[in-house]
Amino acid sequence: MRIHRLLGILLLLESRECIKAKDLAEAFEVSKRTVHRDIDILCECGVPITSIAGPVGGYSLMNGYTLNIKTMNVDELITLYLSGMGLHPTKYSNANINLKNAILKLENTVPQKYSEDIQKAKERFHFDPDSWWKSNINIPHLDTLRKALMQSKKIELTYTNSSMGTHQTKTRIIRPYGLVVKNSEWYLVAFCESKNALRVFKCNRVSEALKLDDTFSIPCDFQLESFWKKWIVNFKQLLSEVPFYPVSLRLLSITKEELVKMDIIEQSQLNKEDIILVNLYTYDNACKRIIEYGNTIEVLSPELLRNFVINSAKDIINIYLGN
């Protein structure tokens, strides 16, 4: 959209002394002719842009002229950049406040000619990040993880690891290398000092995160994107080797904390009731886990497991009734 491109041009003009039309065209994937038209529009709206011809020339803002963009602090600028990549901050985080502040400052920079369109867009478009049936999981320590990552600070992390229906909570010292968002879930890529290896942590399983004073350096040969692609391949291979025993459950009063621990395959609604399909790995493990959940869920299928719960409940009643 042109309004996004105009904002981007303003950002680049504000941050650089001079920039060529060719570089602007490559940055926004448009033709140089389109860039020239955008510059003309900005000039018509009162932005004093000068043009210098020649091999060292280009576009720049008139000396002494400044935009409100320079009033942004580093946190606002980084959050705005990450949002442009699709990494939207969680609702009540400091990053969300930074994003709102950055947008307000950018709105004050937009030429008056487009203020009415922006107001109309704000009124007629709404982004709802919540899925239909799944409640958003709160990540209380996400701001701490992001700050430690940006400042290259070590973290004392308390994390719950789930494997084959078992859960272990441990505290370890890590060096954060990167954050990844996949399907609305946040993952932390970090070097674990106790394991002496790179590990991937699901951020909603972090119960405590303390940023330490100790700093570290990320190895020069580490690239987050390439590491993540390789890790995904290995992770899928690992999943293909995990035993599979799907169980359909009706949710009654189970807590969000317990839901997080489950290996959920899919979620849906039937007659306004929440239904989930989970992998409980084996029949024996399913029998043990289902009894632990008590009356917070109802087994819908498989029938063998449902009958196990019914018979177990009858046995318990007979014990208490003395039959």
Side-chain angles (χ1 to χ4, degrees), residues 11 15-16 70 72-102 136-163 166-239 257 260-261:
L11 281 167
S15 62
R16 304 185 187 182
K70 283 190 174 178
M72 291 185 191
N73 59 47
V74 64
D75 289 334
E76 292 168 351
L77 285 170
I78 290 173
T79 303
L80 184 66
Y81 176 75
L82 294 177
S83 298
M85 293 173 60
L87 306 184
H88 301 290
T90 52
K91 189 172 183 180
Y92 298 108
S93 64
N94 289 333
N96 192 48
I97 297 173
N98 289 331
L99 179 60
K100 289 182 178 179
N101 289 340
N136 273 4
I137 299 171
N138 185 34
I139 309 176
H141 304 289
L142 185 57
D143 281 333
T144 300
L145 300 178
R146 290 176 58 161
K147 287 180 181 177
L149 176 63
M150 293 301 298
Q151 297 171 6
S152 296
K153 298 283 189 179
K154 294 183 181 181
I155 303 173
E156 184 179 272
L157 196 76
T158 302
Y159 183 80
T160 300
N161 187 37
S162 297
S163 176
T166 61
H167 310 284
Q168 290 184 324
T169 299
K170 294 183 178 180
T171 299
R172 59 196 74 186
I173 304 299
I174 64 163
R175 306 170 191 174
Y177 281 14
L179 279 166
V180 177
V181 180
K182 184 176 180 63
N183 196 25
S184 299
E185 298 276 11
W186 287 80
Y187 297 86
L188 175 68
V189 178
F191 181 85
C192 178
E193 294 192 348
S194 60
K195 297 291 184 179
N196 195 33
L198 281 172
R199 290 288 186 267
V200 175
F201 302 92
K202 199 171 183 179
C203 292
N204 62 15
R205 291 180 180 169
V206 175
S207 56
E208 296 291 339
L210 176 64
K211 185 177 68 170
L212 305 177
D213 292 331
D214 296 343
T215 59
F216 65 94
S217 297
I218 297 177
C220 296
D221 59 349
F222 175 80
Q223 291 184 329
L224 181 61
E225 183 178 355
S226 60
F227 168 83
W228 181 257
K229 288 179 178 179
K230 291 178 183 177
W231 184 84
I232 286 292
V233 172
N234 294 334
F235 183 67
K236 287 181 177 179
Q237 177 63 33
L238 181 64
L239 286 181
E257 288 74 18
V260 169
K261 297 175 183 178

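The side-chain heavy atoms of K229 and V233, taken from C-beta on, include no pair separated by under 4.5 Å. Looking at heavy atoms from C-beta onward, R172 lies in side-chain contact with F201 at the 4.5 angstrom threshold. By the 4.5 Å heavy-atom criterion applied to side chains, E156 and T171 are counted as neighbours. Using a 4.5 Å cut-off on side-chain heavy atoms (C-beta onward), I174 and L188 make contact. At a threshold of 4.5 Å between non-hydrogen side-chain atoms, the residues W186 and K202 do not count as touching. You'll find the side chain of I155 reaches within 4.5 Å of the side chain of P176, heavy atoms only.
Note on ring orientation: taking the six-membered ring where Trp is involved, the planes of F191 and Y177 are parallel (angle under 30°, cut-offs 30° and 60°). The aromatic rings of F227 and F222 are tilted relative to each other, their planes meeting at an angle between 30° and 60°.
Heavy atoms of other residues, nucleotides or ligands lying less than 6.0 angstrom from CD of E225 number 12 at most.
Ion pairing between a basic and an acidic side chain is recognised when a charged N comes within 4.0 Å of a carboxylate O; E193 and R175 show such pairing.
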Practice task
Take V189 and L179 through the side-chain contact (heavy atoms from CB on, under 4.5 Å) test and state the conclusion after the steps.
Solution key: CA-CA 6 Å; V189 178; L179 279 166; over 6 Å; no
For L145 and C203, what are the C-alpha separation, side-chain angles and deciding distance, and is it a side-chain contact (heavy atoms from CB on, under 4.5 Å)? CA-CA 9 Å; L145 300 178; C203 292; 3.9 Å; yes
Which is it for Y187 and K182 under the side-chain contact (heavy atoms from CB on, under 4.5 Å) test, yes or no, and what are the steps along the way? CA-CA 8 Å; Y187 297 86; K182 184 176 180 63; 4.2 Å; yes
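The CD atom of Q168 sits 10.0 Å away from the OG1 atom of T160 when rounded to the nearest 0.5 Å. Rounding to the nearest 0.5 Å places NZ of K170 at 13.5 Å from CG of L157. Rounding to the nearest 0.5 angstrom, the gap separating the SG atom in C192 from the CG atom in L198 is 10.0 Å. Here NZ of K154 is found 5.0 Å from CG of D214. Values are rounded to the nearest 0.5 Å.
The nearest pair of heavy atoms linking V206 to H141 is O-CD2, 3.6 Å.
The side chain to side chain donor-acceptor pair (under 3.5 Å) test applied to K153 returns no partner, not counting sequence neighbours. For F235, the ring pair (Phe, Tyr, Trp, His ring centres under 6.0 Å) partners are W231, not counting sequence neighbours.
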